[in-house]
Amino acid sequence: MDVLEVLGGEAEPLLQHECRGIPRDLLQVPGPDFVDRVFALTDRSPVVLRNLQMLFNTGRLAGSGYLSILPVDQGVEHSAGASFAPNPIYFDPERLVRLAIEGGCSAVASTLGVLGSVSRRYAHRIPFLVKLNHNELLTYPAIADQTLFASVEQAFDLGAVAVGATIYFGSEASRRQIEEVSEAFARAHALGMVTVLWAYLRNDAFKKDGVDYHESADLTGQGNHLAATIGADIVKQKQATNNGGYPAIGFGKTHPRVYDTLTSAHPIDLVRYQVANCYMGRIGLINSGGPSGDNDLQQAVRTAVINKRAGGMGLISGRKAFQRPMAEGVELLNAIQDVFLSKDITIA
């Protein structure tokens, strides 16, 4: 894959940018020794460290310090029909796990039902990450809430090495979700499992004057900081596309330096601020790959380049891969991984 060709006119601004507000030398950057260098200092048990190292040692990115995860909880979050009708072979959970394996992924993340249905055949072949809570859309009218569908013990029993959960920071239900997930993550660590938080924002007030601040660097950055605070080992976050959510909406607390010194309008600077809020990279930041569309390869590669150059730890990309024939899905996953394997694409 020719990254320059794929990025087109964005190649130079993305590949040549240097972060000045939060320079690279302040970060704990991903690398082959990340568990020994960073996580060995934490309160995580040897079993957690072993399972985290297992994630780093699986798939095409093994030994690099980066992660490529296939997430497929969309059958609940977006309805099975909306997710799998474009490629109905993926109504079958085994096909999803096979896509993750053939695509060289570090892990496959899905529901208790999906992973439990094939765990005896595949749990020893690729790390399982069980998503514990979901926002199902059969409730009418729809609500912005996450409900526990599974327990940590159920995930442990089917052979998972990691659990994941979502918190909708900013929503009316967020305080309850914080308590639930904090307790679940503590139990997961006690059992030796890695924890991953989808640190999303949800509040209609976060959209103002035609701008959606659900993807602002300052608000998502604070979501990341809260995720790290409750014990997430890895944070999944949407890449920041704008900034200034706090002053635009007029709530909370911030500082002018966030906007005039630490960040700029450049996408890598915006994501660097997200990484900084993950304890300066001590907690890994993985960005979502986004919805499937007309130019998936270019968007996936662009997202990967921004994440890597900002100091992130990889991508978790689902719909772009499974809403197409398996061979094409594997090709797209490999293109993402090639960015993180490239020695020419460095941390800005």
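Just so you know, residue 1 is the first one in the sequence shown, and it goes up from there.
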Backbone N/O of [Y] and side chain of [X]: donor-acceptor pair under 3.5 Å:
X: S64; Y: L61; result: yes
X: R125; Y: R121; result: no
X: D33; Y: D36; result: no
X: E136; Y: T139; result: yes
X: N277; Y: Y273; result: yes
X: S45; Y: A190; result: no
X: D269; Y: C19; result: no
X: E328; Y: A321; result: no
X: N287; Y: N307; result: no
X: R309; Y: I345; result: no

Rounded to the nearest 0.5 Å, what separates atom [atom1] in [X] from atom [atom2] in [Y]?
X: M313; Y: D233; atom1: CE; atom2: CG; result: 10.0 Å
X: M280; Y: D25; atom1: CE; atom2: CG; result: 9.5 Å
X: H124; Y: R120; atom1: NE2; atom2: CZ; result: 12.0 Å

Under 3.5 Å, is there a donor on one side chain and an acceptor on the other for [X] and [Y]?
X: S216; Y: N243; answer: no
X: H189; Y: D43; answer: no
X: Y168; Y: N203; answer: no
X: N133; Y: Q177; answer: no
X: N57; Y: Q53; answer: yes
X: Q237; Y: T220; answer: no

Indicate yes or no: at least one non-hydrogen side-chain atom of [X] is less than 4.5 angstrom from one of [Y].
X: V196; Y: V163; answer: no
X: F340; Y: L67; answer: no
X: R44; Y: L52; answer: no
X: E77; Y: L137; answer: no
X: M193; Y: V161; answer: no
X: L333; Y: C105; answer: yes

Quiz item: How are the rings of F39 and F34 set relative to one another: parallel (under 30°), tilted (30 to 60°) or perpendicular (over 60°)?
Solution: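 If you compare the ring of F39 with that of F34, the planes turn out tilted.
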
Search all heavy atoms of [X] against all heavy atoms of [Y] and return the closest pair with its distance.
X: V181; Y: I230; result: CG1-CD1, 3.9 Å
X: L297; Y: A335; result: CD1-CB, 3.5 Å
X: I268; Y: L14; result: CD1-O, 3.3 Å
X: A100; Y: V108; result: CB-CB, 3.8 Å
X: I22; Y: A276; result: CD1-CB, 3.7 Å
X: A144; Y: N135; result: CA-ND2, 4.4 Å

Looking at [X] and [Y], does any basic side-chain N land under 4.0 Å from a carboxylate oxygen?
X: R24; Y: E18; result: no
X: D145; Y: R202; result: no
X: R60; Y: D338; result: yes
X: E179; Y: R175; result: no

Practice problem: Would you sort out whether N334 and Q337 count as a side chain to side chain donor-acceptor pair (under 3.5 Å), showing the intermediate values? | Solution: CA-CA 5 Å; N334 290 170; Q337 294 152 7; 3.0 Å; yes

Report yes if the distance between the aromatic ring centroids of [X] and [Y] is under 6.0 Å, otherwise no.
X: H214; Y: Y200; value: no
X: F84; Y: F91; value: yes
X: Y66; Y: F56; value: no
X: F206; Y: F251; value: yes

Practice problem: Give the C-alpha distance, both sets of side-chain angles, the deciding distance and a yes or no for side chain to side chain donor-acceptor pair (under 3.5 Å) between T166 and K131. | Solution: CA-CA 8 Å; T166 298; K131 184 75 168 18; 2.8 Å; yes

Exercise. Test D296 against R324 for salt bridge (Lys or Arg N to Asp or Glu O under 4.0 Å), laying out the working first.
Key: CA-CA 11 Å; D296 284 346; R324 61 185 67 237; 2.3 Å; yes

Quiz item: If you count the non-hydrogen atoms of other residues, nucleotides and ligands that lie under 6.0 Å from CG in D204, is the total more than 12?
Solution: no

Quiz item: What do the steps show when you test I178 against I167 for side-chain contact (heavy atoms from CB on, under 4.5 Å), and what is the final call?
Solution: CA-CA 7 Å; I178 290 169; I167 293 176; 4.0 Å; yes

Practice problem: Could you please spell out the steps behind the salt bridge (Lys or Arg N to Asp or Glu O under 4.0 Å) verdict for E94 and R98? | Solution: CA-CA 6 Å; E94 184 172 14; R98 283 175 52 195; 5.6 Å; no

